[in-house]
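By convention in this document, chain letters (A, B, ...) are assigned in the order of the sequence lines, proteins followed by strands, and residues within each chain are numbered from 1. Just so you know, these numbers use all the heavy atoms, side chains as well, and skip hydrogens, waters and symmetry mates.
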Amino acid sequence: MPGLKTVDLQLPATTEQLRGLDIGTVVYLTGRVFTAREGVYKRVVEERHGLPAAPEILGRVNFHCSPAATIEPDGSFTMGAVSATASFRFAKWLDGWFTLSGCNIIIGKGGMTSADYRKLFVPHNAIYLTTVGYGTGALLGRGITRVADVLWVEELGLAQAVWVLDVVRFGPFLVESDLAGNSLFERENAKIAANIAALYEGTKPATLRRYGETDDKTDEVI
Amino acid sequence: MPLNNGVVHVISIDTVQKTAATLMAKAAIEIPDDYLAGLRRCADTETGDLSSFVIQAMLENYEAAKEDRRAMCGDTGVPRWYVKYGNEARVEGGPVAMEAALRRATAHATHSVPLRPNRVHPLWRTDHNNNCGIFAPEIDYAFEPEGDWVDLTTVHKGGLFGSDYRMLFPGDGIDGIRRFFLDTLIGFGKRGLACQPAIVGIGLGGSKDTCMVLGKQASCLRVVGSRHPDPKIAALEEELKDLGNRIGMGAMGFIGTSMVIDCHIEVGYCHTGGMPMSVHMFCLSSRRATARIYGDGRVAFRTDPEWFSDYMRRADVEWTGRQTLAAE
């Protein structure tokens with residue numbers, strides 16, 4: 001695609017490699033990633049169960065994902081499509097999670113706020129990659145060459161379990177936050193905001209109001 | 001009066017279950033032609049570089065899904081069923097057997113496609129790993145005055161973002177409708193939470209629950225390019241589609257013009273004091289598939305659910321075989 005820089009990243013990525021990634025860059029990953037979302041965060045960060053496996057086994061890339069996958073009776077796996085789930089809901093666990101897991105890349109849907117990046121990601125030299133679409137589940141499914149392990153299935157169920165995945169040219173992703181905590185989505189929101197007042201010109205707020213809502217259309221709802 | 005010279009055909013439950021199983025896979029894997037054509041039009045006109053990149057990646061993703069027979073999106077939505085009976089249709093074992101067959105097809109497809117086991121108990125988060133549970137999958141019914149066929153449609157809609165409901169009042173007028181439409185698209189369009197470009201469905205009127213149902217069905221069960229039979233409502237569909245694409249927001253909330261693939265409005269009579277409105281967005285993975293099972297056992301697959309009909313939208317006490325919407 002003309003205009004968009006594309007980078008192939010070998011995992012685990014060093015801080016130096018991450019420093020070279022500007023927001024809006026297209027990224028493909030090769031190496032090991034693992035899924036973890038609210039079920040895992042609650043267990044690890046709140047309930048202090050420890051990690052489901054050693055960091056060397058899990059890798060340093062945490063994917064906010066529940067795959068469309070099956071464990072066959074013989075213990076083998078059928079991996080279908082994989083897409084991310086919206087990440088903003090998980091911010092409250094991330095500081096503890098980074099400390100315990102050593103992750104430096106989070107992959108998800110939709111990102112978090114730049115305030116969260118500065119508070120939670122920057123101190124841990126971590127960046128956020130957003131999936132594209134959403135979602136390119138079939139393309140991402142193709143990028144998975146092997147399911148190395150599935151952990152905590154009994155405890156958390158298939159959707160919340162930890163899927164440890166070996167991937168080759170897994171993507172595409174877009175760099176949503178850089179090591180300075182800038183957000184691609186917020187940059188785009190700011191540009192779009194300029195047009196919004198004109199869209200609403202001449203209309204008046206609904207007769208029946210709602211508690212607690214913003215009426216500033218340049219705000220976000222997350 | 002039975003059709004076919006008085007011979008009453010009975011659709012076998014085995015045919016129902018096999019057809020339902022095929023539909024589950026088709027919905028998850030194959031993007032419907034009408035949505036695909038609409039997205040290709042977006043690809044041709046989109047000028048935002050990031051939004052264009054996203055659309056191009058999605059077009060490649062549909063190809064990969066079909067080639068690999070893999071679900072197009074890892075979030076395979078919440079499978080549900082719409083069943084429409086021609087008035088003369090008979091199914092072996094009756095409606096209870098029909099519901100059992102649809103539940104079985106849903107559970108089996110979750111394992112065989114595979115789909116993500118998305119359905120959990122709202123409080124205990126219990127997951128049966130088969131997309132079945134209390135009130136899941138939903139099965140909705142409609143009827144047509146003639147025919148010995150049954151139409152089965154499955155929709156696997158994503159479930160978290162892009163829908164809203166609001167009680168508006170007659171004094172809010174069309175401007176109030178425009179405003180709530182923009183509120184919903186802008187709110188859920190940022191960061192692409194709604195997975196746009198989307199088929200936006202709007203429910204206007206009805207009781208509150210009907211309002212939600214009509215809007216959801218307008219987004220999920222009408223094809224891109226279809227228009228409401230009332231010309232003034234059809235014109236409002238065009239206007240809102242255009243308005244949505246003028247927000248300045250494209251795929252994933254990046255700068256662009258690709259927000260609305262199409263806009264569909266369904267109306268229902270409501271309380272004289274109110275004008276309830278709902279908005280729903282059927283996403284980049286607009287998963288739906290339909291089949292008609294005829295009385296003689298033939299099965300014809302298609303992507304247009306043909307759900308809304310003159311009969312369903314009838315306004316008079318008696319059905320006369322013809323709708324008179326434009327006279328309203």
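- Using a 30° and 60° split on the angle between ring planes, W93(A) and Y41(A) fall in the tilted class, from 30° to 60°.
- M249(B) places a side-chain heavy atom less than 4.5 Å from the side chain of K190(B).
- Side-chain polar atoms of S52(B) and E46(B) form no donor-acceptor pair below 3.5 angstrom.
- For K208(B), the NZ atom is loosely surrounded, since the number of other residues' heavy atoms within 6.0 Å does not exceed 12.
- Counting heavy-atom neighbours within 6.0 Å of R69(B) CZ, excluding the residue itself, gives a total above 12.
- When atom types are taken as modelled, the side chain of Y200(A) and the backbone of D183(B) share a donor-acceptor pair closer than 3.5 angstrom.
- Between chain A and the residues G192(B), S51(B), A65(B), the largest count of heavy-atom pairs under 4.5 Å involves G192(B).
- In this structure, no portion of R125(B) lies under 4.5 Å from any heavy atom of chain A.
- Of all heavy-atom pairs spanning V224(B) and I199(B), the tightest one is CG2-CD1, 3.7 Å.
- Only the side chain of T130(A) comes within less than 4.5 Å of a heavy atom in chain B; its backbone stays farther off.
- Between H49(A) and W152(A), the ring-plane angle classifies as perpendicular under the 30° and 60° cut-offs.
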Checking Y35(B) against F282(B) for the ring pair (Phe, Tyr, Trp, His ring centres under 6.0 Å) test, could you report, in this order, the C-alpha distance in whole Å, the side-chain angles of both residues, the deciding distance, and whether it holds? CA-CA 10 Å; Y35(B) 183 92; F282(B) 205 20; 7.9 Å; no
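- Of all the listed residues (N195(A), L199(A), L208(A)), the one sharing the greatest number of non-hydrogen pairs under 4.5 Å with chain B is L199(A).
- Heavy atoms closer than 4.5 Å to chain A are found in the side chain of F169(B), but not in its backbone.
- Across Y165(B), F188(B), Y62(B), the residue that shares the most heavy-atom pairs under 4.5 angstrom with chain A is Y165(B).
- The stretch residues 64-90 of chain A places S66(A), P67(A), A68(A), A69(A), T70(A), I71(A), E72(A), T78(A), M79(A), G80(A), A81(A), V82(A), S83(A), A86(A), F88(A), R89(A) near chain B, each with some heavy atom under 4.5 Å from a heavy atom of that chain.
- Interface check for chain A: of the options L182(B), I55(B), N118(B), L115(B), the most heavy-atom pairs under 4.5 Å are formed by L182(B).
- Remark: side-chain polar atoms of T25(A) are not paired, donor with acceptor, to backbone N or O of T6(A) under 3.5 angstrom.
- Between chain A and the residues N129(B), T126(B), L168(B), V120(B), the most heavy-atom pairs under 4.5 angstrom are made by N129(B).
- Contacts between K109(A) and chain B at a heavy-atom distance below 4.5 Å involve the side chain alone, from C-beta outward.
- Contacts between I196(A) and chain B at a heavy-atom distance below 4.5 Å involve the side chain alone, from C-beta outward.
- With a 4.5 Å cut-off on non-hydrogen atoms, M252(B) touches chain A through its backbone and its side chain both.
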Worked verdict on H108(B) versus T106(B) for side-chain hydrogen bond (donor to acceptor under 3.5 Å, both in side chains): CA-CA 6 Å; H108(B) 293 168; T106(B) 303; over 6 Å; no
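- Per-residue counts of heavy-atom pairs under 4.5 Å with chain B were compared for D219(A), T203(A), V221(A); the largest is that of T203(A).
- You'll find the side chain of I247(B) stays beyond 4.5 Å of the side chain of T257(B), heavy atoms only.
- In this structure, D127(B) does not pair ionically with R119(B), as no charged nitrogen and carboxylate oxygen lie closer than 4.0 Å.
- Of the two parts of R210(A), the backbone and the side chain both hold a non-hydrogen atom closer than 4.5 Å to a non-hydrogen atom of chain B.
- Comparing T110(B), D175(B), D172(B), V113(B) by heavy-atom pairs within less than 4.5 Å of chain A, the highest count is held by D172(B).
- In the displayed structure, H271(B) atom NE2 is contacted under 6.0 Å by at most 12 heavy atoms of other residues, nucleotides or ligands.
- A salt bridge links E176(A) to R191(B): at least one charged side-chain nitrogen sits closer than 4.0 Å to a carboxylate oxygen.
- Considering Q196(B), M281(B), K241(B) as possible partners of V260(B), the one that fulfils the side-chain contact (heavy atoms from CB on, under 4.5 Å) test is K241(B).
- Highest contact tally toward chain A, considering only V54(B), I29(B), L243(B), D75(B), is held by V54(B) [criterion: heavy-atom pairs under 4.5 Å].
- Proximity to chain B at a heavy-atom threshold of 4.5 Å picks out L139(A), G141(A), R142(A) from residues 139-151 of chain A, in numerical order.
- Contacts of Q160(A) with chain B are absent, with no heavy-atom separation under 4.5 Å from either backbone or side chain.
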